[in-house]
There are 2 protein chains.
Amino acid sequence: MIEYSRQPHYLVAVDCIVFGFDGEHLKILLVKRGLEPEINKWSLIGGFVGADESPDDAANRVLKKMTGLEGVYLEQMQIYGDPGRDPIERTFSVGYFALIDIHKYQAQLNDDYEAEWFLINDRPKLIFDHNQMVADARKKLRYKAALHPILFEMLPKKFTIPQLHILFEEVNDTKIDTRNFSRKITSTGLLIKLAEKDKTGSKKGAFYFKLDKKKYIANSQAFLNLIPNLRV
Amino acid sequence: MIEYSRQPHYLVAVDCIVFGFDGEHLKILLVKRGLEPEINKWSLIGGFVGADESPDDAANRVLKKMTGLEGVYLEQMQIYGDPGRDPIERTFSVGYFALIDIHKYQAQLNDDYEAEWFLINDRPKLIFDHNQMVADARKKLRYKAALHPILFEMLPKKFTIPQLHILFEEVNDTKIDTRNFSRKITSTGLLIKLAEKDKTGSKKGAFYFKLDKKKYIANSQAFLNLIPNLRV
DNA sequence: TTATTAATTGTCGTTTTGACAATTAATAAT
DNA sequence: ATTATTAATTGTCAAAACGACAATTAATAA
């Protein structure tokens, strides 16, 4: 009856830009393909959307498979669907960016892929339109992180203000005054100061903080102003 | 060689939430389907993505066909892809929201569809997950409009501050002090005051303004703070 | 001429911002 | 033990932004 069947059918995939932070620099997780086409080339973590799963399900499945992690911060970015973006067959890909605590990551044994962390500013060329995806993801991460408290997702449970500070500078690619930053971030009320100090970075040591989960969830949609003189 | 062919294939569509403003209220454009399934039910403007077009192309094509308009403000929202969202066959849909000047709209003769404007707060139930799409689009419109100067897209070339004011209140579903709003919106530097006045709404008349195109383009990504006490 | 109405400009205390300085808490060197 | 050193933390302050609220203005209608 209806024309559905006459319409062309396509493959639908997901690709994840996985961001991590090693304490100094922003990194992304890439995989070396063990399959044709583009065998041995670096690419984003991705996979086809199965018959019984949503794109979100697929992204979570792929992430679990490649990082061993579940319930990570995952945000849909946009769809990539130019005809010809995949040389084999027309494929739509839903781009996601993920934020993970790099220390929780554990390499998964996998015959098809070989995963590796790269500095965001020193990464290999990627297949297809994956380079564009990374650029878009970075832009969106910067945008979102300027307004919402999401960067905690890349830090361990316990973290210090200086750690946060470096992360913010790294993501926004700018210098931020430590004194003003400290005041701003604590004034959000999202942090709980712990008794313990991290002495690895300095003689004085920096107090550990943890997230106030309740407030974090309640404020996840709130607008903040974490970046001075912000212009996107 | 590669497994692509063994993967399931799907339909990919676009659906557009078309927003307009009649001077008093926010409206959306809906169509009555003349096709099975869900014949005679109201739905969003949409269509399948053709073999040689991107989702953006498809959205523009569909909009042109249903409104007669080209080059309208169009923004990708998210993909809808739950299995079973379409009862006939698995279909992914890329949701877009569009902002148009309602007065430029002209009904298109179309055998398959019948289009009509509805008040955003008094609209019929829609097919499939289209109700969710409208809710999402409204939320995103509100979010975006709070930070970026996009609502001009729904007004004529010449507009008055009071018109803008009503539109902002309508989109954000809140009362905004006229005096502070006027000061804020003019201080963005995006408006050029014209000599002419609009006398239809009051005795004193309100000055017409037009957009400073150059500054508008340059600032389209700038953060503004147009809504007082903003909490999303 | 006056009343009316909505647009526009003005006032002002409070809060936020961001540039910059001073202090503090630890360890390492003397 | 004392001092130097270093990074974390707290402090200062002037300028700008914010938002609650009042007064004035420009037109038409009575």
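Heavy-atom basis, side chains included; hydrogens, waters and symmetry copies ignored. Residue numbering restarts at 1 for every chain, and letters A, B, ... go by the order of the sequence lines.
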Whole angstrom is fine here: how far is it from [atom1] in [X] over to [atom2] in [N]?
{"X": "B:Y208", "N": "C:dT8", "atom1": "OH", "atom2": "C1'", "result": "17 Å"}
{"X": "B:L164", "N": "C:dA7", "atom1": "CG", "atom2": "C1'", "result": "14 Å"}
{"X": "A:N180", "N": "C:dA21", "atom1": "CG", "atom2": "P", "result": "13 Å"}
{"X": "B:F209", "N": "C:dT8", "atom1": "CZ", "atom2": "P", "result": "6 Å"}
{"X": "A:K175", "N": "C:dA19", "atom1": "NZ", "atom2": "C1'", "result": "17 Å"}
{"X": "A:I185", "N": "D:dT10", "atom1": "CD1", "atom2": "C1'", "result": "17 Å"}
{"X": "A:K193", "N": "D:dT9", "atom1": "NZ", "atom2": "C1'", "result": "8 Å"}

Under 3.5 Å, is there an N or O donor on one side and an acceptor on the other linking the side chain of [X] and the base of [N]?
{"X": "B:R183", "N": "D:dG19", "result": "yes"}
{"X": "B:R179", "N": "D:dA20", "result": "no"}
{"X": "A:K204", "N": "D:dA7", "result": "no"}

Candidates [options] - which lies nearest the side chain of [X]:
{"X": "B:S182", "options": "D:dA27, C:dT27, C:dT9", "result": "C:dT9"}
{"X": "A:K184", "options": "D:dA8, C:dT17, C:dA25", "result": "C:dT17"}
{"X": "A:T178", "options": "C:dT8, D:dT9, C:dA26", "result": "D:dT9"}
{"X": "A:K203", "options": "D:dT6, D:dA29, D:dA8", "result": "D:dT6"}

Original post:
Are B:K144 and B:E75 ion-paired here, with the side-chain N under 4.0 Å from a carboxylate O?
Top reply: yes
Subject >> Salt-bridge criterion met for B:K175 and B:E169 (N-O under 4.0 Å) >> reply: yes
Original post:
Do A:S54 and A:D56 meet the criterion of a side-chain donor-acceptor pair at a distance under 3.5 Å?
Top reply: no
Original post:
Any luck finding a side-chain donor-acceptor pair between B:T174 and B:N172 under 3.5 Å?
Top reply: no
**OP:** For residues A:F21 and A:I166, determine if any side-chain heavy atom of one lies less than 4.5 Å from a side-chain heavy atom of the other.
**Re:** yes
Subject >> Base-pairing mate for D:dT2 - Watson-Crick or G-U, with both contacts under 3.5 Å >> reply: C:dA29
Original post:
Is the phosphate of C:dA26, meaning OP1 or OP2, less than 4.0 Å from a side-chain N or O of A:K197?
Top reply: yes
